[in-house]
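Note that the coordinates shown come from a computational prediction; the quantities given were computed from them, not determined experimentally.
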Amino acid sequence: MRFLVVVCAVLVLGMGGLSGCAPSAADEGADESVVAENVEAPEHESVTVRVAVPVGVQGVVEELADSYAADKEWVSFEFEVFESAKKENKALKPTIPAVPAEEDDGGVPESASTSDDEPEPAADDEAVTLLPEADLVFQNSLAAMDSAEELGVADAATRADMICDGMAIVASADSKVKSATTADIAAGSVPLAVVSGKGVHAQRQYEALEAIGVYADGAFTGYYRSNKASVRAYDSTADLFAGLAKSDEMVALVRTSDIYRYGGVKVVGAIPARMYTPMLFPHALGCNLDAMEGGEQVAQTARDFLNWISTDEAAFGIVEKWGLSFAA
């Protein structure tokens, strides 16, 4: 009997020792968490996206970029803000030609020409704009993006339309006019300021005036035809905004992006989108990004940024804040 008790005691102690050596489930979990803490998350390589943007949408695009990069310390944006050829902006040739350059008789590739000749200024301030080299290109009209493609700084295969401009009725910030509708303009109740020429602003303005019923065949009709003093024409959008600032009665039909570009006015009425041709801000990636050092990462970051703009609620709010909308 005494021998049996000793054997049992030895067996119990042995089993206890074995259970003490084996790790428990809790111990295993703790070990895994320690290992996980010691494994650092993979770091992102820093990437800078160069963005070419027309001054008309500079504010909204810069604010979108700041918001996108706020929680991505590895992403930064550099902006090249441009106006039109009439503003003496120069087009920079892309670093890498879109196609292998053919050599002329002197053996110098056409893309490497050192000519100092500047492009001829556009007849219309808003018709043609010239772009600097960039990774991501925004433009303020479809025709302007066509020019960007021809200049070799925008990749036609990546071109898309996202942001859309609108129109509004405005008056000087200090004007006594509190409200002005399209019906008021149709009745000739308010003096008008208009911009002359064939630029985008002028074209859309006249389209809206024609839809309102006070303009046809290149001339004003009705009240404004009989009372020419009620219409004041300006040579440019900048001049129109400057003129409005000095008037406490005139109203004008302007692009919503210009309201934030020039300032000094208040919105006093809306213009239904059906009254004018949509004004799109097309965008595209720069040419041959994948062929440049780090270009694949830059291109992907640019695509991610554009996708964020079109899907994120914060981006929606920024676009709307600037008086813009998304293309249908």
Side-chain angles (χ1 to χ4, degrees), residues 51-70 77 79 81-83 126 129 136-146 148 154 158-171 179-183 185 195 199-212 237 240-241 251-285 302-328:
V51 183
V53 59
V55 68
V57 288
Q58 173 188 1
V60 64
V61 175
E62 287 187 348
E63 186 170 343
L64 286 167
D66 287 343
S67 181
Y68 176 75
F77 293 86
F79 289 89
V81 182
F82 59 89
E83 300 212 30
E126 295 183 69
T129 55
L136 178 58
V137 177
F138 285 87
Q139 256 297 0
N140 56 7
S141 72
L142 301 180
M145 185 58 87
D146 291 341
T158 63
R159 176 172 172 170
D161 304 324
M162 183 190 303
I163 298 175
C164 187
D165 206 350
M167 294 197 76
I169 305 171
V170 300
S179 173
T181 65
T182 55
I185 295 175
V195 62
V200 176
H201 177 191
Q203 291 176 12
R204 301 303 180 266
Q205 158 202 263
Y206 287 126
E207 286 177 1
L209 290 172
E210 186 171 348
I212 291 171
T237 300
L240 180 145
F241 273 80
V251 301
L253 285 62
V254 303
R255 299 175 64 166
T256 50
S257 60
D258 283 337
I259 295 172
Y260 298 94
R261 175 181 177 183
Y262 295 103
V265 299
K266 62 184 178 183
V267 176
V268 294
I271 303 175
R274 68 177 183 277
M275 290 187 168
Y276 54 87
T277 304
M279 293 171 286
L280 300 171
F281 293 111
H283 63 263
L285 297 184
R303 292 189 190 98
D304 292 343
F305 173 52
L306 293 172
N307 182 65
W308 174 83
I309 293 175
S310 64
T311 59
D312 192 272
E313 289 293 335
F316 297 163
I318 293 171
V319 170
E320 291 175 1
K321 166 189 168 182
W322 285 87
L324 304 173
S325 59
F326 288 88

Output all residues satisfying side chain to side chain contact (heavy atoms under 4.5 Å, CB included) with K321, sequence neighbours left out; order by chain, then residue number. E63
Non-hydrogen atoms of T237 and Y262 that approach each other most closely: CG2-CE1, 3.5 Å
With side chain to side chain contact (heavy atoms under 4.5 Å, CB included) as the criterion, how do F281 and V61 come out once you've worked through the C-alpha distance, each side chain's angles and the decisive distance to 0.1 Å? CA-CA 11 Å; F281 293 111; V61 175; over 6 Å; no
Identify the heavy atoms of F79 and V53 that sit nearest to each other, and give their distance. CD2-CG1, 4.0 Å
Might you point out which heavy atoms bring Q205 and V195 nearest each other, and give the distance in Å? OE1-N, 2.9 Å
Heavy-atom side-chain proximity of L306 to L136 below 4.5 angstrom: yes
Applying the salt bridge (charged side-chain N to carboxylate O under 4.0 Å, His left out) criterion to D165, which one of R204, R255, R261 satisfies it? R255
For A302 and L285, which heavy atoms make the closest approach, and how far apart are they? CB-CD2, 3.6 Å
Taking the side chain as every heavy atom from C-beta outward, state whether Q139 and D146 have any pair of such atoms under 4.5 Å apart. no
Using 0.5 Å steps for rounding, measure from the CD1 atom of I259 to the NZ atom of K266. 13.0 Å
Does F326 have any side chain to side chain contact (heavy atoms under 4.5 Å, CB included) partners at least two apart in sequence or in another chain, and if so, which? M162, I309, F316, V319
If I compare all heavy atoms of P272 with all of T182, which pair ends up nearest, and what's the gap? CD-CG2, 4.2 Å
Using modelled atom types and a 3.5 Å cut-off, is there a donor and acceptor pairing between side-chain atoms of Q58 and backbone atoms of V81? no
List the steps and the verdict of side chain to side chain contact (heavy atoms under 4.5 Å, CB included) for V254 and V265. CA-CA 10 Å; V254 303; V265 299; 5.8 Å; no
Side chain to side chain, D258 and L240, heavy atoms closer than 4.5 Å: no
At their closest point, which heavy atom of M145 faces which heavy atom of P282, and how far apart are they? CE-O, 3.4 Å
When you measure from the side chain of H201 to the backbone N and O of L253, does any donor-acceptor pair fall under 3.5 Å? yes
Taking the six-membered ring for Trp, are Y68 and F77 parallel (under 30°), tilted (30 to 60°) or perpendicular (over 60°)? perpendicular
Rounded to the nearest 0.5 Å, what separation is found between the CD1 atom of I318 and the CD atom of E62? 12.0 Å
Start with the C-alpha gap between D161 and L142, add the side-chain angles, then the distance that decides, and say whether side chain to side chain contact (heavy atoms under 4.5 Å, CB included) holds. CA-CA 9 Å; D161 304 324; L142 301 180; 3.8 Å; yes
Worked verdict on F305 versus L64 for side chain to side chain contact (heavy atoms under 4.5 Å, CB included): CA-CA 9 Å; F305 173 52; L64 286 167; 4.1 Å; yes
Between S257 and V57, is there a donor-acceptor pair closer than 3.5 Å when you use the side chain of the first and the backbone of the second? no
